[in-house]
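Notes to accompany the following structure.
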Amino acid sequence: MKILKALMVTTAVSLALMANAAHAENKKIALVVKALGIGFFEAANKGAQEAAKELGDVEVIYTGPTTTTAEGQIEVINSLIAQKVDAIAVSANDTDALVPALKKAMERGIKVISWDSGVAKEGRLMHLNPSSSPLIGNMIIKLAADQLPDGGDVAVLSATATSTNQNVWIEEMKKVQGNYKGINVVATVYGDDLADKSYRETQGLIQSYPNLKAIIAPTSVGIVAAAQAVEDAGKVGQINVTGLGLPSEMAGHVKAGSSKSFAIWNPIDLGYSATMIAYDLIGGAEAKPGAELKMGRMGTVKLDDNNEGAMADPFVYDAKNVEEFAKIF
């Protein structure tokens with residue numbers, strides 16, 4: 001009997017040790033977003049969790065500050081360094097401000113990538129663009145121009161003044177502005193990815209530019225706030241709101257007529273791809289020009305000379321398809 005009990009205890013201890021060992025082998029990948037509570041990033045987290053489930057030995061830590069500030073993200077990154085995560089995948093609020101903290105993370109052996117909104121090259125191993133920046137820049141102004149055959153005044157409602165991706169897309173947009181006859185960009189304002197501030201900035205645009213015909217908001221928070229402001233101002237049919245948004249959040253505004261069309265890539269795929277790339281780097285893959293990193297069901301991404309790669313082209317949503325996709329994200 002004593003021998004049996006001893007064997008049972010030994011077996012239980014062994015099983016516990018095996019479970020702990022298996023748990024210890026799990027890779028910890030932190031998905032750091034611009035701010036918590038934003039639908040785009042919550043959808044990206046769904047994709048990250050899908051990747052973790054598919055890989056089997058990954059724990060995704062979904063985190064970020066409560067407001068879209070570099071200071072908030074730096075606090076989060078320092079906390080993740082202390083937790084000794086294996087990888088950090090960050091959508092940055094500032095190109096340069098996060099670099100010192102991220103360099104410290106890499107010095108500790110943590111694999112660092114940026115996605116969606118990038119950091120300077122010295123602060124990460126690679127950057128995953130959701131699409132090609134020139135394609136996005138062209139798309140957002142084309143969506144406005146398509147509804148303005150005779151041209152007209154257009155304004156831009158961006159996120160923060162330091163938001164890497166927003167600034168790149170706006171610059172790319174300006175490069176091709178001349179391709180669209182009569183399109184005149186009169187102002188760029190910043191809503192800081194806050195719904196109330198974006199709403200107020202839109203009100204200001206409406207008041208300051210009586211001939212305004214379109215508002216381009218390359219931010220999922222801003223586009224919703226702008227559409228609502230246009231509706232509340234009784235400007236539906238006079239001002240078209242377009243840019244980048246989520247079908248689930250924009251379907252009602254498309255139906256109301258404040259937005260004729262908008263575009264976005266699938267944020268679920270973006271979170272999924274970022275997690276898969278981080279896992280590939282943890283496993284020994286090297287981020288260097290010409291390298292192809294694995295993105296699971298999304299295939300591979302090939303890095304350019306700046307160690308950047310694009311996931312997919314943006315997709316246009318309008319009255320014909322938005323309801324269908326609103327059920328998904």
Measuring from Phe40:CZ to Ile268:CD1, what's the distance to the nearest 0.5 Å?
10.5 Å
May I have all residue pairs that pass side-chain hydrogen bond (donor to acceptor under 3.5 Å, both in side chains) and include part of residues 156-165, sequence neighbours excluded?
Lys34-Ser163, Lys34-Asn165, Thr95-Thr164, Asp116-Asn165, Ser117-Asn165, Ser158-Gln166, Ser163-Asn165
Measuring only between side-chain heavy atoms, which start at C-beta, is Asp146 closer than 4.5 Å to Ser261?
no
If you take all heavy atoms of Val236 and Ala256, which pair is closest and at what distance?
CG1-O, 3.5 Å
Output, in order, the C-alpha distance, side-chain angles, deciding distance and verdict of side-chain hydrogen bond (donor to acceptor under 3.5 Å, both in side chains) for Asp232 and Tyr199.
CA-CA 10 Å; Asp232 292 346; Tyr199 184 92; 2.6 Å; yes
In terms of heavy-atom contacts, does CG of Asp305 have more than 12 from other residues, nucleotides or ligands at under 6.0 Å?
no
Apply the test side-chain contact (heavy atoms from CB on, under 4.5 Å) to residues Ile113 and His127: give CA-CA distance (whole Å), side-chain angles for both, the deciding distance (0.1 Å), then the verdict.
CA-CA 6 Å; Ile113 70 170; His127 173 66; over 6 Å; no
Of all residues at least two apart in sequence or in a different chain, which pass the salt bridge (Lys or Arg N to Asp or Glu O under 4.0 Å) check with Lys197?
Asp192
Using a distance-only test with no angle check, is there a side-chain donor-acceptor pair under 3.5 angstrom linking Asp57 and Tyr279?
yes
Straight-line distance of Glu292 CD to Thr300 OG1, nearest 0.5 Å
4.0 Å
Would you say Tyr272 and Glu54 are linked by a side-chain donor-acceptor pair, where the criterion is simply a distance under 3.5 Å?
yes
Roughly how far, to the nearest 0.5 Å, is the CG atom of Asn45 from the CG atom of Leu36?
9.5 Å
Let me see the working for Ile29 and Ile61 under side-chain contact (heavy atoms from CB on, under 4.5 Å), right down to the final yes or no.
CA-CA 6 Å; Ile29 298 175; Ile61 302 170; over 6 Å; no
Under 3.5 Å, which donor-acceptor pairs link side chains of residues 311-324 to any protein atom two or more places apart or in another chain?
residue, atom, partner, partner atom, Å
Asp318, OD1, Lys320, N, 3.0
Asn321, OD1, Asp318, N, 2.9
Asn321, ND2, Val316, O, 3.2

Are there over 12 heavy-atom neighbours, none belonging to Lys121, within less than 6.0 Å of that residue's NZ?
yes
Looking only at atom types and distance, does a side-chain atom of Ser208 sit under 3.5 Å from a main-chain N or O of Gly204, one as donor and one as acceptor?
yes
Quick one: does Ile216's side chain get under 4.5 Å of Val154's, heavy atoms only?
yes
Determine, using the 4.5 Å side-chain heavy-atom cutoff (strictly less than), whether Met173 and Tyr190 are members of one ILVMFWY cluster.
no
What pairs with Asn78 under side chain to side chain donor-acceptor pair (under 3.5 Å), at least two apart in sequence or on another chain?
Lys104
Quick test of your reading of the model: are Lys302 and Glu308 salt-bridged, counting only N-O distances below 4.0 Å?
no
Give a yes or no on whether the backbone of Thr69 and the side-chain of Asn93 come within a donor-acceptor separation of less than 3.5 Å.
yes
Checking side chain to side chain contact (heavy atoms under 4.5 Å, CB included) between Pro218 and each of Ile136, Val168, Thr242, Ile140, which is the one that passes?
Ile140
Counterpart residues, salt bridge (Lys or Arg N to Asp or Glu O under 4.0 Å), relative to Lys260 (two or more places apart)
none
Starting from the C-alpha separation in whole Å, work towards a yes-or-no answer on side-chain contact (heavy atoms from CB on, under 4.5 Å) for Asn138 and Tyr180.
CA-CA 10 Å; Asn138 180 69; Tyr180 300 97; 2.7 Å; yes
Which of these passes side chain to side chain donor-acceptor pair (under 3.5 Å) with Lys175: Gln177, Glu172, Glu171?
Glu172
Measure across Phe262 and Gly245 and return the closest heavy-atom pair with its distance rounded to 0.1 Å.
CE1-O, 3.3 Å
CZ on Arg108 to CG on Leu80, rounded to 0.5 Å
13.0 Å
Quick one: does Ile206's side chain get under 4.5 Å of Ile239's, heavy atoms only?
yes
Treat each ILVMFWY residue as a node, draw an edge where side-chain heavy atoms are under 4.5 Å apart, and state whether Leu143 and Val230 are in one component.
no
How many angstroms lie between CZ in Phe329 and CD in Glu42, if you round to the nearest 0.5 Å?
14.0 Å
Shortest non-hydrogen separation from Ile81 to Ala101 and the atoms involved
CD1-O, 3.5 Å
Report the residues that fulfil salt bridge (Lys or Arg N to Asp or Glu O under 4.0 Å) with Glu50, sequence neighbours left out, ordered by chain and then residue number.
Arg297
Looking at every non-hydrogen atom in both residues, tell me the closest pair between Pro267 and Leu246 and how far apart they are.
CG-CD2, 3.9 Å
Does any non-hydrogen side-chain atom of Arg124 lie less than 4.5 Å from one of Ile88?
no
Evaluation steps, side-chain contact (heavy atoms from CB on, under 4.5 Å), between Asp86 and Ile110:
CA-CA 5 Å; Asp86 296 287; Ile110 298 171; over 6 Å; no
Please tell me whether Met250 and Met139 are part of a single hydrophobic cluster in this structure, the criterion being side-chain heavy atoms less than 4.5 Å apart.
no
So, for Val60 and Ala52, which heavy atoms are closest and what is the spacing to 0.1 Å?
CG2-CB, 3.8 Å
Would you indicate whether Gln83, at its atom CD, is surrounded by more than 12 heavy atoms from other residues, nucleotides or ligands within a distance under 6.0 Å?
yes
4.5 Å side-chain heavy-atom contact, Pro247 and Ile264
yes
Can you spot which of Leu194, Leu157, Asp193 makes a side chain to side chain contact (heavy atoms under 4.5 Å, CB included) with Val221?
Asp193
Verify the cluster assignment for Leu135 and Ile141: are they in a single hydrophobic cluster under the rule of side-chain heavy atoms below 4.5 Å apart?
no
Looking only at side chains, do Asn184 and Asp153 share a donor and an acceptor under 3.5 Å apart?
yes
Sidechain-backbone polar pair: Asn129 side chain, Ser132 backbone, donor-acceptor under 3.5 Å
no
Does Trp115 reach the main-chain N or O of Ala89 with its side chain, forming a donor-acceptor pair under 3.5 Å?
yes
Are side-chain heavy atoms of Glu231 and His253 found at a separation under 4.5 Å?
yes
Rounded to the nearest 0.5 Å, how far does CD of Gln73 lie from OG1 of Thr68?
9.0 Å
Side chains of Asn240 and Lys213, heavy atoms from C-beta outward: is any pair under 4.5 Å?
no
Single-linkage hydrophobic cluster, 4.5 Å side-chain cutoff, Val241 and Leu148 together
yes
Quick one: closest heavy-atom pair of Val99 and Ala120, and the distance?
CG2-CB, 3.9 Å
For residues Asp304 and Pro289, determine if any side-chain heavy atom of one lies less than 4.5 Å from a side-chain heavy atom of the other.
no
